[in-house]
Amino acid sequence: MASSLRHFACHGSPAAASPTPPPSLLRPFSPDFCALAVLRPIRPAAATPKPPEDATTSTEQEQREQEQQLASPCRGAYEEPSSSPSPSVSSTEAQDPAALRVGIIGFGNFGQFIARGIQRQGHAVLATSRSDYSDYCSAHGIRFFRSLEALCEEQPDVLLVCSSILSTESVVRAIPLAKLRPDTIVADVLSVKQFPRNLLLEILPPEFGIVCTHPMFGPESGKHGWSKLPFVYDKVRLSDEGDQKAKCDQFLSIFEREGCRMVEMTCAEHDRHAAGSQFITHTIGRVLAQLNLQSTPINTKGYETLMQLTENTLSDSFDLYYGLFMYNVNATEQARWTN
């Protein structure tokens, strides 16, 4: 599905014509995203439910079982034969029982980057991914699990979704919720926020905590530290009972103690701002890449800034750029003026 949509994104869709935008010098270089707005997989906005009841009704139980059945076709992307030995307990868990146990789903470049900050603050990291990162994890004191189910059996305090935007729904539906504690906090780090918010509210049982976050930096911009870099978060749903709120504050303190500028903002507000900043930045960077800019002996500071923007943009995948549009309804208006 993603590959076919990518093809349309690059070449336009004759079947879904959009209103004629104003003339633009960028049109020869940028895809006709607006024609694809009707394909955007945005689900209706979900209202934040009331705090969970003490008892679980039979209807809720049946709904959970149905969600588990829906998740099973996607789970194969993570599960492998369980013949390998169980991961050893990390030194952090052994030394500090009060430390959070953060399970990361999707342990690519960004997942590893976030894990380093979590470990620097004395918390334990558990990881799973479609690719085998067992050697990396073994060298860095991280427990790696070859299946999502095996990770969830360890019942981490926080389950952090670090998948791509395009694969998030299948990943979340694949989570074996019955194996987690009912007070588990599920968080994400996606570059769009309303989509994961509504998805998590739809799928997760009402007693699960939900925190939507977006570190406004990555392995390149944060390689020298996270000091003063913005970290956006929205405490979507937390129970008043138990220690769920305390664990959430403990999780957010990881980024605060790393020096991040903490910005509490609703998911809707984040997406409005991101459409005017992040999506446009990626669009301009990809337009500049098509111009094949070359360094000269007389570069101005401004020209070097443009070349650096191009390099930074192309270091991210096209799927990220595509996801910034398809999963943020506010990007449509921005795209009309760049096509």
* Is the closest basic N to carboxylate O distance between Asp188 and Lys193 below 4.0 Å? -> yes
* **More than 12 heavy atoms of other groups within 6.0 Å of Arg120 CZ** => yes
* Asked: Listed by chain and number, what are the salt bridge (charged side-chain N to carboxylate O under 4.0 Å, His left out) partners of Glu304, not counting sequence neighbours?
  -> none
* Asked: Is there a donor-acceptor contact under 3.5 Å from the side chain of Ser138 to the main chain of Ser134?
  -> no
* For Ser227, all residues meeting side-chain contact (heavy atoms from CB on, under 4.5 Å), sequence neighbours excluded -> none
* Asked: When rounded to the nearest 0.5 angstrom, what distance separates CD1 in Ile165 from CZ in Phe195?
  -> 9.0 Å
* Structure fact -> ring pair (Phe, Tyr, Trp, His ring centres under 6.0 Å) filter on His273, not counting sequence neighbours, yields none
* Asked: Is there a donor-acceptor pair under 3.5 Å between the side chain of Glu153 and the backbone N or O of Leu148?
  -> no
* Structure fact -> On a heavy-atom basis, the closest approach of Leu309 and Leu288 is CD2-CD1, 4.1 Å
* Would Val158 and Val186 satisfy side chain to side chain contact (heavy atoms under 4.5 Å, CB included), going step by step from the backbone distance to the final call? -> CA-CA 6 Å; Val158 179; Val186 179; over 6 Å; no
* Say whether Thr296 and Asn299, considering side chains only, have a donor N or O and an acceptor N or O under 3.5 Å apart. => yes
Between side-chain atoms of residues 215-222 and protein atoms elsewhere (two or more places apart, or another chain), which donor-acceptor pairs fall under 3.5 Å?
residue : atom : partner : partner atom : Å
Glu220  : OE2  : Lys223  : NZ           : 2.9
Ser221  : OG   : Gly218  : N            : 3.0

* Asked: Does the side chain to side chain contact (heavy atoms under 4.5 Å, CB included) test come out yes or no for Leu126 and Arg101, once each step is laid out?
  -> CA-CA 7 Å; Leu126 297 73; Arg101 299 163 72 246; 4.0 Å; yes
* With sequence neighbours excluded, give me every salt bridge (Lys or Arg N to Asp or Glu O under 4.0 Å) pair touching residues 288-297. => none
* To do: Mind checking the SG-CD spacing from Cys212 to Gln194? Nearest 0.5 Å is all I need.
  => 10.0 Å
* Structure fact -> side-chain contact (heavy atoms from CB on, under 4.5 Å) filter on Cys162, not counting sequence neighbours, yields Ile104, Leu160, Val189
* Asked: In chain order, what residues pass the side-chain hydrogen bond (donor to acceptor under 3.5 Å, both in side chains) check against Gln308, with sequence neighbours excluded?
  -> Asn312
* Asked: Shortest non-hydrogen contact from Gln244 to Phe208?
  -> NE2-C, 4.0 Å
* Tell me, do His123 and Gln250 make a side-chain contact under 4.5 Å, heavy atoms counted? -> yes
* Would you check if there is a donor-acceptor pair between the side chains of Ser167 and Ser164 at a distance under 3.5 Å? => yes
* Does Gln119 use its side chain to pair, donor to acceptor, with the backbone of His140 at less than 3.5 Å? -> yes
* To do: Measure the shortest side-chain to side-chain distance between Thr128 and Ser147 over non-hydrogen atoms and say whether it is less than 4.5 angstrom.
  => no
* Establish, from distance only, whether the side-chain atoms of Asn292 and Gln290 form a donor-acceptor pair under 3.5 Å. => no
* **Min side-chain heavy-atom separation Leu252-Glu256 under 4.5 Å** => no
* Nearest 0.5 Å please: distance from the CG atom of Asp249 over to the CG atom of Asp243. => 11.0 Å
* Partners passing salt bridge (charged side-chain N to carboxylate O under 4.0 Å, His left out) against Asp271 (at least two apart in sequence or in another chain) -> none
* Structure fact -> Arg181 meets the salt bridge (charged side-chain N to carboxylate O under 4.0 Å, His left out) criterion, sequence neighbours left out, with Asp157, Asp183
* Asked: Who pairs with Thr266 by side-chain contact (heavy atoms from CB on, under 4.5 Å), at least two apart in sequence or on another chain?
  -> Asp234, Ala268, Glu269
* Structure fact -> For Asn328 and Ala274, the nearest pair of non-hydrogen atoms, with its separation, is ND2-CB, 4.3 Å
* To do: Output yes when a side-chain donor or acceptor of Glu258 lies under 3.5 Å from a complementary backbone atom of Gly225, and no otherwise.
  => no
* To do: Using the test side-chain contact (heavy atoms from CB on, under 4.5 Å), find all partners of Glu264 that sit at least two apart in sequence or belong to another chain.
  => Tyr233, Lys235
* Among pairs that include at least one residue of residues 252-271, which meet ring pair (Phe, Tyr, Trp, His ring centres under 6.0 Å), considering only residues two or more places apart or in two chains? -> His214-His270, Trp226-Phe255, Phe231-Phe255, Phe251-Phe255
